[in-house]
Protein chains: 2
Amino acid sequence: MVYRRTPKVQARMDSQRAAILDAAVELLATRGYAGCSVVAVAQDAGVATGSVYRHFPSKAELVAELFRQLVTREVEAVERAAQQPGSAGERVVAVVDTFAARALKAPTLAYALLAEPVDTPVEAERIVFRRAFRDVIAARITEGVRDGTLPPQQAPLTAAAIVGAVAEVMIGPLTSGSEGAVGELPTFTLRALGAPDAGNP
Amino acid sequence: MVYRRTPKVQARMDSQRAAILDAAVELLATRGYAGCSVVAVAQDAGVATGSVYRHFPSKAELVAELFRQLVTREVEAVERAAQQPGSAGERVVAVVDTFAARALKAPTLAYALLAEPVDTPVEAERIVFRRAFRDVIAARITEGVRDGTLPPQQAPLTAAAIVGAVAEVMIGPLTSGSEGAVGELPTFTLRALGAPDAGNP
DNA sequence: CCAAGAAGTGAACCACTATTCATACCTTGA
DNA sequence: TCAAGGTATGAATAGTGGTTCACTTCTTGG
């Protein structure tokens, strides 16, 4: 054999792969999942349809990778928020605020990640997405329970419930454009945690 | 003209329509949305494919009608639970319990109604579904706030959040089969409402 | 019984897209 | 430069499943 894949070629291939993912993100953010057809992605990435399949075995894998990438980004942002100083309750509120603020800044993308109908393989990634958020919140709750600022509770359940609550409350604003009653989320969150500063009777 | 649609014919058509809806419910409950193809529905209903279109302008409309019917049933059950004696908090818990118990009894159906990917037109019905639940809960919360057993709050937001929380917590058990930590939902609900008997600090 | 007209049928049609693959074009090391 | 082998292409393919429509069957009132 004479041909060997050199770093130069590898770099070109990597950048093509990145271009495909970028185009897909862009399409997901502007037209939603429906606009993310393989042909459209390829066109926007400046490659041929077939080239997409040199990097991803199927469309589902492409979108799953997409989700993974976006989710990592979001989870990192939320984790940063979770590490700010303050009580466990305050930290969970910070997570919720960060989550909501970022979602409202990129509504179409957020809707796609949160709720838009997708094929089953991609749905699996969405579950990972939600679980990652849940885990970030659950970790804070566990801390709060340990240091006594939160009442004893099943941290994963409360955390899952808060994720669901936030997602549910956001879906209206995300699809309609208005901010709705998102501003009340912190109070709800504190109450749901059983935090002492939540104004409970 | 000689032909007129008589009550007898109308009755036959009505029962055919009902048969189609029944078959669709059955398929939705056993194979999920994916198993609900028009051909399969027609076959199970014992009619021709084309006959489906004599009753529904499109598959989306058929499924939307299906959703409407199922949602009405569920909302009625939940409303009954909401009218049992007790404090506002207890009533909301009764709603949540009823919702969860019924969902666990028909997991595939519940998953289809709650979370399974569907086309956009059907998604609209799902939103109606969730809003109906929200409204039932919000009404109890408003009562509780008025009679002082619950702290002042935006009832619709708390209600939406509780719906989202319940849905989120249920999705795991619904897809995996196990009951998970659903048993903790009442405590969470009471806490989220800010009810006095929730064991808050 | 019959003509008018409606209801019922289901195979064929069609739109939509993910996927393939024969072909053209590049890259490499000798 | 050249042969070997890889990479890129995009038109064609294929599977899916909703929808149609020419045709058959049934119903009605005279």
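Bear in mind the structure is a predicted one, so any value in this text is a computation, not a measurement. In what follows, chains carry the letters A, B, and so on, assigned in the order in which the sequence lines appear, proteins first and then strands, with residues in each chain numbered from 1. Hydrogens, waters and symmetry mates play no part in the numbers below; they use all other heavy atoms, side chains included.
- At the phosphate of D/dA8, OP1 or OP2 sits under 4.0 Å from a side-chain N or O atom of A/Q16.
- Between A/Q43 atom CD and D/dA11 atom C1' there is a gap of 14 Å when expressed in whole angstrom units.
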Q) Should A/R73 and A/E76 be marked as a salt bridge (Lys or Arg N to Asp or Glu O under 4.0 Å) after you check the CA-CA gap, both sets of side-chain angles, and the distance that decides it? A) CA-CA 5 Å; A/R73 191 208 281 172; A/E76 277 171 2; over 6 Å; no

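- Between A/E143 and A/R140, at least one side-chain N (NZ, or NE/NH1/NH2) sits under 4.0 Å from a carboxylate O, which counts as a salt bridge.
- For the pair B/R4 CZ and C/dA3 C1', the interatomic distance rounds to 16 Å; values are reported in whole Å.
- Residue-level contact check: B/S37 touches the backbone only, with heavy atoms under 4.0 Å from sugar-phosphate atoms and none from bases.
- Whole-Å rounding puts the B/Y53 OH to D/dA22 P distance at 18 Å.
- Nearer the 5' end of DNA chain D, as judged by each residue's closest nucleotide, is the contact made by B/A60, out of B/A60 and B/R5.
- Judged purely by atom type and a 3.5 angstrom limit, A/Q153 uses its side chain to pair as donor or acceptor with the backbone of A/L193.
- Here the P atom of nucleotide D/dA8 and the CZ atom of A/F56 are 13 Å apart, to the nearest Å.
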Q: For the pair B/E168 and A/R134, evaluate salt bridge (Lys or Arg N to Asp or Glu O under 4.0 Å) and give the outcome as yes or no after the intermediate values.
A: CA-CA 10 Å; B/E168 179 82 15; A/R134 190 196 70 185; over 6 Å; no

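- Taking atom CZ of B/R54 as the reference point, atom C1' of D/dT25 lies 12 Å away to the nearest angstrom.
- Each of D/dA3, C/dG8, C/dA18 was ranked by its minimum atom distance to the side chain of B/S51; first place goes to C/dG8.
- Atoms CD1 (A/I20) and C1' (D/dT9) sit 12 Å apart, rounded to a whole Å.
- One interatomic measurement links the two molecules: NE2 of A/H55 to P of C/dT20, which rounds to 16 Å at whole-angstrom precision.
- For the pair A/T49 and D/dG10, the criterion of a side-chain N or O lying under 4.0 Å from OP1 or OP2 is not met.
- Rounded to whole Å, atom C1' of C/dA6 lies 5 Å from atom OH of B/Y3.
- A close approach under 4.0 Å does not occur between any side-chain nitrogen or oxygen of B/R12 and OP1 or OP2 of C/dA7.
- A salt bridge links A/E123 to A/R126: at least one charged side-chain nitrogen sits closer than 4.0 Å to a carboxylate oxygen.
- You'll find that the side chain of A/V2 is closest to C/dT28, out of C/dT28, D/dT19, C/dT9.
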